[in-house]
Amino acid sequence: MRQIKISMSLVEQIKASAKEALKSLYPEADIPASAITVNQTKPEFTGDYTLVLFPFLKLLKTKPDVIGKQLGDYLVSHSGFVASYDIVAGFLNLTMTDAYWATFLSGKYNDGKYGEQAAKGKNVMVEYSSPNTNKPLHFGHLRNNFLGYAVSGILKVNGNNVTKANLVNDRGIHICKSMVAWKHYADGATPQSTGVKGDHLVGDYYVKFNDVYKQQVAELVSGGMDEALAEKKAPIMKEAQDMLRAWEAGDKETVDLWKTMNGWVYEGFDVTYKRLGIDFDKMYYESDTYLLGKEVVLKGLEKGVLFKKEDGSIWVNLEDEGLDQKLLLRADGTSVYMTQDIGTAILKYNDFNLDKSVYVIADEQNYHMQVLQLVLKKLGEPCADTIHHLSYGMVELPTGRMKSREGTVVDADDMIAEMIAMAQQQTEEAGKTEGFTQDELKELYETIGLGALKFYLLRVDPKKKMIFDPKESIDLHGFTATFIQYAHARICSILRKEGVDRHTATFPGFNLTQELAPAEKALILWLEHYPDVMQASADEYNPSLLCNYTFQLAQQFNSFYDVHSISKAENEEKKQLRMMIIMMVARVMRHAMGTMGIRLPEKM
RNA sequence: GGUCCGGUAGCUCAGCUGGAUAGAGCAGCUGCCUUCUAAGCAGCAGGCCAUUGGUUCGAAUCCAAUCCGGAUCACCA
């Protein structure tokens, strides 16, 4: 009889047993492993897992009820975990023994590492957030930040050495725009003198720049100038360009102002990141790295991988790959976006000896990332093969895209505050504030509000674009973090009242003698599935799988809770069984949500 | 025009490495708090899975074509 391995997922074990059975029953036939499919049995049928028989029929030239019976009998007598079976059409529905589930539960309910993989020794970097320093974060950036943080957590749980990196885009014409406008219109205003958060203050002057610029263009056009020319000739734009040149030349006054204003932005970002519960292990600044790619490009030219045009600009030809020609270095020798990214990619690779380099970047840059990877490959850089673009869809308003230049953005800080206020309002309306201190309430509102926001942005497949309607705001019912938090708080409450420590309690003498009720078994079955889901989330860089799983876990717990009492369980054995179940449910919930940076309260 | 991504219930989304009668949440309608937290549970209603053709025991899922929506194809980052 096969030994039950609770370290191996049940689906894998069933597949292995089925393979063994087929080999024993039909030694002549060669059935590929891919022909064996195992699914969870649909609720309307009896059984836990289902083996699909159709693929075998042709290969073995038998009827489903014949092969089903043979397989079923074999599994019952040999597998050690199949109790009974039922054949419906071409489906073999298997019911596991309760002993299997009892062994699984008592082996795992107290395992703080359940769902995690052993260290793989792989170095993975996840680059995310990567803001511009000329404006505050908006709602769209939140998706990037949460995704990056969640995927980092998932990859870590999956056994990787993860470095969270943030590449700050701190140089370029955009920051000069804010600087020019500040010089002219701020009258020396600082975050300290105005009480405005640094990133917002700088962002205000970025908007101011664009207002003035638009006005100047309009004036030139009404004076009879061609619009395209006016856009180039507007004095304030010329001033910004002059400032960029001064910056690159190292002009002290310009660099000092740049440092000061960037400093304000970083202070502002720090507050926002902290509030979001997001952090980084490594900061990169484009002002430090923007020259690095140049060298590599020049080397590529020497090697003949790249080519030079008459004006002296350097290009790569990707026509063989079905793409275009792409500029890598301007005629005047200055670098472009791609040049910087080439340098940074190599730098990251060398700094951390990377096996995988994940870029969390919106899907509007799919082409750019494709080119980046191809160019690196052409240049013979090994980092090319480590790059994975985690491409996500943009968050749009019902009216279309958010544009900070036009002021049609939902500000991230405002959104956070709004979510927390909503959490407070709903808690108060529900009359659930008793027994908390003021500080505890404050923390609870943050846990609920931020949890809802994170979950809302993570629960959808990253590659799909989202439409967010601020007027409708975000619900705290249904498919939300709040729902999961509530289930968790209920479990904690039960355990508290039973005087059981939810972290350390054990039930050493437990021995299952009574049949598992459907709601009990359903929960254990779903818990058994957790490591598979975590693995899939990592393989696909997709936190939405974890969100969906955890939501269903909470749903099943709520149904269970409705039909079975813990405190008034029929007998001591049932009580212990259910306590183990709910301890494990709470543990898995905390593990899954914690991996994505969502906290679960003990009381709400 | 080329390339890539999407189109599933009134709305927001699962399901897509082919499997049984396509699932959740929201919104709508019924019930359920003297019982471990009703931010919950149970139920009703709501679908030519964009269209057409193909592949096969079987297609929302794979292939092809078409239609619709989006992104991108910058000496901006």
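Proteins come first, then strands; the chains are lettered A, B, ... in the order of their sequence lines, and each starts at number 1.
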Under the ring-ring contact (aromatic ring centres under 6.0 Å, His included) test, which residues partner [X], sequence neighbours left out?
X	result
A:Tyr284	none
A:His477	none
A:Tyr85	none
A:Phe56	none

Pull out every protein N or O sitting under 3.5 Å from an N or O of nucleotides 4-7 of chain B, one pair per line with the distance.
residue : atom : partner  : partner atom : Å
B:G7    : OP1  : A:Lys464 : NZ           : 3.3

Return the orientation label for the [X] and [Y] ring planes: parallel under 30°, perpendicular over 60°, tilted otherwise.
X	Y	result
A:Phe209	A:Tyr213	parallel
A:Phe54	A:Phe91	perpendicular
A:His368	A:Tyr337	parallel
A:Tyr456	A:Phe468	perpendicular

Euclidean distance, atom [atom1] of residue [X] to atom [atom2] of [N] [Å, nearest integer]:
X	N	atom1	atom2	value
A:Phe479	B:A27	CZ	C1'	17 Å
A:Phe468	B:C26	CZ	P	18 Å
A:Leu94	B:G19	CG	P	18 Å
A:Glu429	B:G40	CD	C1'	17 Å
A:Leu457	B:C13	CG	P	11 Å
A:Leu329	B:A74	CG	P	18 Å
A:Gln325	B:G2	CD	C1'	16 Å
A:Asn558	B:G25	CG	P	11 Å

> What pairs of residues pass the salt bridge (Lys or Arg N to Asp or Glu O under 4.0 Å) test when at least one of them lies in residues 45-64 of chain A, not counting sequence neighbours?
Replying inline: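 Counting only pairs at least two positions apart or across chains, the salt bridge (Lys or Arg N to Asp or Glu O under 4.0 Å) contacts touching residues 45-64 of chain A are A:Asp48-A:Lys521.
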> Which salt bridge (Lys or Arg N to Asp or Glu O under 4.0 Å) pairs, counting each pair once, include a residue from residues 317-331 of chain A, with sequence neighbours left out?
Replying inline: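 As it turns out, the salt bridge (Lys or Arg N to Asp or Glu O under 4.0 Å) pairs with a partner in residues 317-331 of chain A, which skip direct neighbours, are A:Glu321-A:Lys378.
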>> With the 90 degree cut-off around zero defining syn, does B:C32 come out syn or anti?
In response: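 Anti, since the glycosidic angle lies more than 90° from 0.
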>> Return a single string for nucleotides 31-39 of chain B, one symbol per nucleotide in 5' to 3' order, where B is base contact, S is sugar-phosphate-only contact and - is none, cutoff 4.0 angstrom on heavy atoms.
In response: ----SBBSB
Nearest-Å distance once atom [atom1] is located in both [N] and [M]:
N	M	atom1	result
B:U3	B:C63	P	16 Å
B:A22	B:U35	C1'	38 Å
B:C48	B:G2	P	32 Å
B:U56	B:G19	C1'	12 Å
B:A50	B:C32	P	40 Å
B:A64	B:A27	P	41 Å
B:C73	B:G54	P	40 Å
B:G15	B:U52	P	25 Å

>> Looking only at side-chain N and O atoms, does A:Gln556 offer a donor or acceptor that is under 3.5 Å from a partner on A:Gln552?
In response: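 Side-chain D/A pair, A:Gln552 to A:Gln556: absent.
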>> What I want to check is whether the side chains of A:Gln370 and A:Asn366 have a donor and an acceptor closer together than 3.5 Å.
In response: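 Side chains of A:Gln370 and A:Asn366: no pair found under 3.5 Å.
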Measuring from the side chain of [X] (C-beta onward, heavy atoms only), which nucleotide among [options] has the closest atom?
X	options	answer
A:Asn93	B:C41, B:A20, B:C73	B:A20
A:Phe551	B:G19, B:C75, B:G25	B:G25
A:His174	B:A77, B:A14, B:A24	B:A77
A:Arg330	B:G25, B:C75, B:G19	B:C75

>> Just so I know, are the side chains of A:Leu147 and A:Pro543 near enough to count as touching, which here means a heavy-atom distance under 4.5 Å?
In response: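 Of all side-chain heavy-atom pairs linking A:Pro543 with A:Leu147, at least one is under 4.5 Å.
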Heavy atoms under 4.0 Å, any strand shown: does [X] hit a base, just sugar-phosphate, or nothing?
X	value
A:Asp461	sugar-phosphate
A:Gln370	nothing
A:Tyr367	sugar-phosphate

> Would A:Thr433 and A:Thr427 count as a side chain to side chain donor-acceptor pair (under 3.5 Å) if you check the C-alpha gap in whole Å, the side-chain angles of each, and the deciding distance to 0.1 Å?
Replying inline: CA-CA 7 Å; A:Thr433 55; A:Thr427 305; over 6 Å; no
> Can a side chain N or O of A:Ser544 be found less than 4.0 Å away from OP1 or OP2 on B:A14?
Replying inline: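 Answer no for this pair, as no side-chain N or O of A:Ser544 is under 4.0 Å from OP1 or OP2.
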> Should A:Gln552 be listed as having a side-chain N or O under 4.0 Å from OP1 or OP2 of B:G23?
Replying inline: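 Indeed not, no polar side-chain atom of A:Gln552 lies that close.
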> Can you list every side chain to side chain donor-acceptor pair (under 3.5 Å) pair that touches residues 485-498 of chain A, not counting sequence neighbours?
Replying inline: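 Listed once each, the pairs are A:His488-A:Arg590, A:Arg490-A:Asn558, A:Glu498-A:Lys575.
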> Just how far is it from atom CD1 of A:Ile173 to atom CE of A:Met179, taken to the nearest 0.5 Å?
Replying inline: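 Here the rounded value is 10.5 Å.
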> Does any N or O donor sit under 3.5 Å from an N or O acceptor when you compare the side chain of A:Thr50 with the base of B:A20?
Replying inline: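 Checked by distance alone, the answer is yes.
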> So, for A:Leu301 and A:Leu306, which heavy atoms are closest and what is the spacing to 0.1 Å?
Replying inline: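 Minimum heavy-atom separation between A:Leu301 and A:Leu306: CD1-O, 3.7 Å.
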> Of all the base pairs, Watson-Crick or G-U under 3.5 Å, which form stems of three or more consecutive pairs involving RNA chain B?
Replying inline: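 Stem list for RNA chain B: B:1-7 with B:67-73, B:10-13 with B:23-26, B:28-32 with B:40-44, B:50-54 with B:62-66.
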> Between A:Val460 and A:His368, which is nearer to the 5' end of RNA chain B once each is assigned its nearest nucleotide?
Replying inline: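 In this pair, the answer is A:Val460.
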> In terms of the nearest nucleotide of RNA chain B, which residue is placed more toward the 5' end: A:Asn548 or A:Thr480?
Replying inline: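 Here A:Asn548 is the residue nearer the 5' end.
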> Can A:Glu570 and A:Arg578 be counted as an ion pair, charged N to O under 4.0 angstrom?
Replying inline: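 Looking at A:Arg578 together with A:Glu570, the answer is yes, because their closest N to O distance falls below 4.0 Å.
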Every protein N/O lying under 3.5 Å from an N/O of nucleotides 55-63 of chain B:
residue : atom : partner : partner atom : Å
B:C57   : OP1  : A:Lys58 : NZ           : 2.7

> Taking RNA chain B as the partner, which of residues 33-45 of chain A come within under 4.0 angstrom of it by heavy atom?
Replying inline: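 Result for residues 33-45 of chain A: A:Lys42, A:Phe45, sorted by number.
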>> Run A:Asp170 and A:Ser287 through side chain to side chain donor-acceptor pair (under 3.5 Å) and show every step you take.
In response: CA-CA 6 Å; A:Asp170 61 346; A:Ser287 56; 2.6 Å; yes
